[in-house]
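What you see is a predicted model; the values in this text were computed from it and never measured. Chain naming here is simple, since letters A, B, ... match the order of the sequence lines and numbering starts at 1 in each.
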Protein chains: 2
Amino acid sequence: MSGIQEIASATGLSKSTVSRALRNLPSVAPATVTTVRRKADELGYIPSSAASGLATGRNRAVGVVVPVIDRWFYVRVLEGVDAELRRAGYDLILFNLGGPPSDRERVFHRSILRKRVDALVLLSLVFTEEEREQLELTEYPTLVIGGPAPGIRHLGIDDHDVAYRATKYLLDLGHRRIAHIGGRDEAGMNALVPGERHEGYVDALAQAGIVPEADWSPNGEFTLAGGRDSMARLLDADVVPTAVFAASDEMAFGAMIAIQQAGLRVPDDISVVGIDGHVFGEVFGLTTFAQDPTAQGARAARVLLDELTGKPALPWFDPAPVVLVERTSAAPPPAH
Amino acid sequence: MSGIQEIASATGLSKSTVSRALRNLPSVAPATVTTVRRKADELGYIPSSAASGLATGRNRAVGVVVPVIDRWFYVRVLEGVDAELRRAGYDLILFNLGGPPSDRERVFHRSILRKRVDALVLLSLVFTEEEREQLELTEYPTLVIGGPAPGIRHLGIDDHDVAYRATKYLLDLGHRRIAHIGGRDEAGMNALVPGERHEGYVDALAQAGIVPEADWSPNGEFTLAGGRDSMARLLDADVVPTAVFAASDEMAFGAMIAIQQAGLRVPDDISVVGIDGHVFGEVFGLTTFAQDPTAQGARAARVLLDELTGKPALPWFDPAPVVLVERTSAAPPPAH
DNA sequence: ATGAAAGCGCTAACAT
DNA sequence: ATGTTAGCGCTTTCAT
């Protein structure tokens, strides 16, 4: 109801002065600031972001685009982005590309590109050539978290390297029969991540002179149920692995459950390691290579915010850290 | 860069006609619409939400306020709200009250009340008297999901009833020694939910003439680890329950893990039931009373959107449905 | 330190 | 069916 104008009238000042006072600009008498602020409170003044956005071209908001919301990784990243934005007084607009593919187009055009945000964080997304161009046209500072995206700078862990380390870890424990529960491309999501992790696995094995069984890389779909089912199939085969490297903790949990359900024990019969650092890891006793998506999100937001205030754009990021968290799901293979 | 004006000039039409054409208003010649749209594409026209927001007073955005993001329930609700908003071409602004309490105040004033949204969905939040007043001043259509909030209409399940049914279910199976893993108030979150669930449990027991042991309502903090620890403690006592009703699936999973780690079996030695309908339930084989937070979110968004288009406000909602999903975690108590 | 005036890009009467 | 004219509520020169 009440705008800057009412405050001006009520205090006998001009709109400009009120505007300045409200924004703590220099060259406003301290006394004036006090008067203005008090009147503002009194009148229950609430600034209109549309008006200031129109006048300045700044929205004080950044968009976060996700392929789906309901995934541990995205939620954690969101948490990090949010924390940093909040400190800066920026709002977070969430764009979910999930659901019917037709929606994707709509969201993309009608929403993302609507000049509502000042910058964009894209999570694990792969874009079409056309979408990329559109994004560039907007000239928003933009970056991708979670998996390389051709043509856009990205922030995240080195997927090949973690997978390599995870496999190596199992190798060093003495395992030779190591399976890998991974993923495949999913609609609109980054297909490169599962690919790189699989390669890291294959490469580590190759270096040890091992060629993995053909069907030892089942698709766990990055879900708990997928991990369980994949493991169950692995357990059914003629030759069973003594260790499993899952491309995500969730799949690793699924594998652990399948192993127990089969009457076997982790790690006595089969060792399991994952990637992620999921909260549930502690309870499951999962040995994993943990990343910190929240930190990645915060970092991304920080970078974007800096660029919004004029800092030159970073063209490239060092890989985000991954730390080995040793718990009880991995041990040397059974003696026999 | 280019606005409605350039299109007007380029086509020889007036700003108004272009505006109308772009918004598919009636009373614009079909041919004109075509011309305008083509020119718009050609020029890479992107509407400014700030400008139209300022002109109309509508932002085509709704805010969702959460106490923390990283919780199964909230994420699912978010998914539902988002789906509905997307269909209507609305954006979703996420306000996270989590983190330092000082932030809460800032988010509340600087962001939520900034006239950036047209309506508000509040998740499991309890507000101070002052916050409530502020909210009312904004006159946004508002509603709460997940737990009653004094003074604001709310949408969600009947917590007392589910808890009653869950306990009754165990009772009907023949159990007499039933424990309840629940929660307590958490910073800024709805303290009423765990309370109601606990009461439902107590009431069902009372009706069967049972007074629960004093320490059979441990605080599982609504987390997996909390559920596990609570169960472990329960298992350590002199007299051990034959069944456990957990106020959330996550705590139920934790309880199941603790039971297994103690060398006991579910449901042979101890039965477990939960509330929620968490995806992991299937893999864990958890018998639970499932709600559908996504549907609740969608419903909420639908209602708000309707009210934005003039429909009279609904003062009250029927409780959201809860369905019993029977799996393998609950059975009659051991014979002896 | 403060004020006056123009304008951000769109929408909405009110014409015609 | 289209054009004219005012704003929406701020910020920002440019004066003073």
Side-chain angles (χ1 to χ4, degrees), chain A residues 1-37 39-40 43-61 89 91 110-111 113-118 138, chain B residues 1-37 39-40 43-61 89 91 110 113-118 138-139 308-309:
Chain A
M1 28 216 105
S2 81
I4 215 184
Q5 178 63 268
E6 343 273 274
I7 304 181
S9 314
T11 54
L13 290 161
S14 72
K15 274 191 346 181
S16 346
T17 304
V18 172
S19 174
R20 291 183 188 111
L22 254 15
R23 285 176 299 151
N24 281 323
L25 293 193
S27 83
V28 179
T32 310
V33 175
T34 319
T35 323
V36 171
R37 306 205 90 94
K39 241 320 172 263
L43 296 174
Y45 168 73
I46 295 168
S48 153
S49 62
S52 74
L54 182 54
T56 60
R58 294 300 199 180
N59 299 290
R60 296 194 77 79
D91 288 334
R110 298 230 309 236
S111 294
L113 306 173
R114 251 170 126 213
K115 298 186 179 158
R116 175 163 281 187
V117 300
D118 299 327
T138 65
Chain B
M1 29 215 100
S2 81
I4 215 183
Q5 178 62 270
E6 345 271 273
I7 304 182
S9 315
T11 55
L13 291 160
S14 73
K15 271 190 348 179
S16 349
T17 303
V18 172
S19 173
R20 291 182 190 114
L22 255 13
R23 285 176 298 152
N24 281 322
L25 292 193
S27 82
V28 178
T32 310
V33 175
T34 320
T35 323
V36 170
R37 305 204 91 92
K39 242 317 173 267
L43 296 174
Y45 168 73
I46 295 168
S48 154
S49 63
S52 74
L54 182 54
T56 59
R58 294 302 202 174
N59 298 290
R60 295 194 77 77
D91 289 334
R110 297 230 311 236
L113 307 172
R114 249 170 129 213
K115 298 186 179 159
R116 173 162 282 186
V117 299
D118 299 326
T138 66
E139 294 186 319
L308 249 18
T309 64

When you compare the side chains of [X] and [Y], does any donor N or O come within less than 3.5 Å of an acceptor on the partner?
X      : Y     : value
A/R20  : A/S16 : no
B/R114 : B/N59 : no
A/S14  : A/T17 : yes

Between [N] ([atom2]) and [X] ([atom1]): distance, integer Å:
X      : N      : atom1 : atom2 : value
A/L25  : D/dT11 : CG    : P     : 9 Å
A/K115 : C/dC8  : NZ    : P     : 12 Å
A/I7   : D/dG9  : CD1   : P     : 13 Å
B/N24  : D/dA1  : CG    : P     : 14 Å
B/N59  : D/dC8  : CG    : P     : 16 Å
B/R23  : C/dG9  : CZ    : P     : 17 Å
B/Q5   : D/dT4  : CD    : P     : 11 Å
B/L22  : D/dT2  : CG    : C1'   : 15 Å

Any donor and acceptor pair, going by atom type alone, linking the side chain of [X] with main-chain N or O of [Y] inside 3.5 Å?
X     : Y      : value
A/T32 : A/V28  : no
B/R58 : B/L308 : yes
A/S19 : A/K15  : no

Practice task
Using five base pairs at each end, measure the axis-to-axis angle across the helix from C/dA1-D/dT16 to C/dT16-D/dA1 and round it to 10 degrees.
Solution key: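 Taking five pairs per end, the axes differ by 30°.
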Problem - Rounded distance (nearest 0.5 Å) linking atom OG of B/S48 with atom CD1 of B/I46 - result: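 B/S48 atom OG to B/I46 atom CD1 measures 10.5 Å (nearest 0.5 Å).
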Is any side-chain nitrogen or oxygen of [X] closer than 4.0 Å to OP1 or OP2 of [N]?
X      : N      : result
A/R116 : C/dG9  : no
B/R20  : D/dT2  : no
B/R114 : D/dC10 : no

Handout entry: For A/K39 against A/T11, the heavy-atom pair lying closest together
Key =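 A/K39 and A/T11 have their closest heavy atoms at CG-CG2, 3.4 Å.
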Practice task
Compare every heavy atom of B/A8 with every heavy atom of B/V18, then report the nearest pair and how far apart it is.
Solution key: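 Where B/V18 meets B/A8 most closely, the heavy atoms are CG2-CA, 3.7 Å.
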Exercise for the section: Go through A/I7 and A/R37 one step at a time and tell me if the side chain to side chain contact (heavy atoms under 4.5 Å, CB included) criterion holds. Expected result: CA-CA 9 Å; A/I7 304 181; A/R37 306 205 90 94; over 6 Å; no
Problem - Nucleotide nearest A/Y45 when distance is taken to its side chain, options C/dA1, D/dT2, D/dC10 - result: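 Output: D/dC10.
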Problem - Strand contacts (DNA chain C) in residues 8-17 of chain B, 4.0 angstrom heavy-atom criterion - result: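 Hits under 4.0 Å, by residue number: B/K15, B/S16.
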Practice task
Mind listing the residues from residues 48-58 of chain A sitting with a heavy atom below 4.0 Å of DNA chain D? Number order is fine.
Solution key: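 Contacts with DNA chain D under 4.0 Å: A/S48, A/A51, A/S52, A/A55, A/T56.
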Practice task
May I ask you to test the A/D91-B/R116 pair for a side-chain heavy-atom distance under 4.5 Å?
Solution key: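 Yes, side chains in contact.
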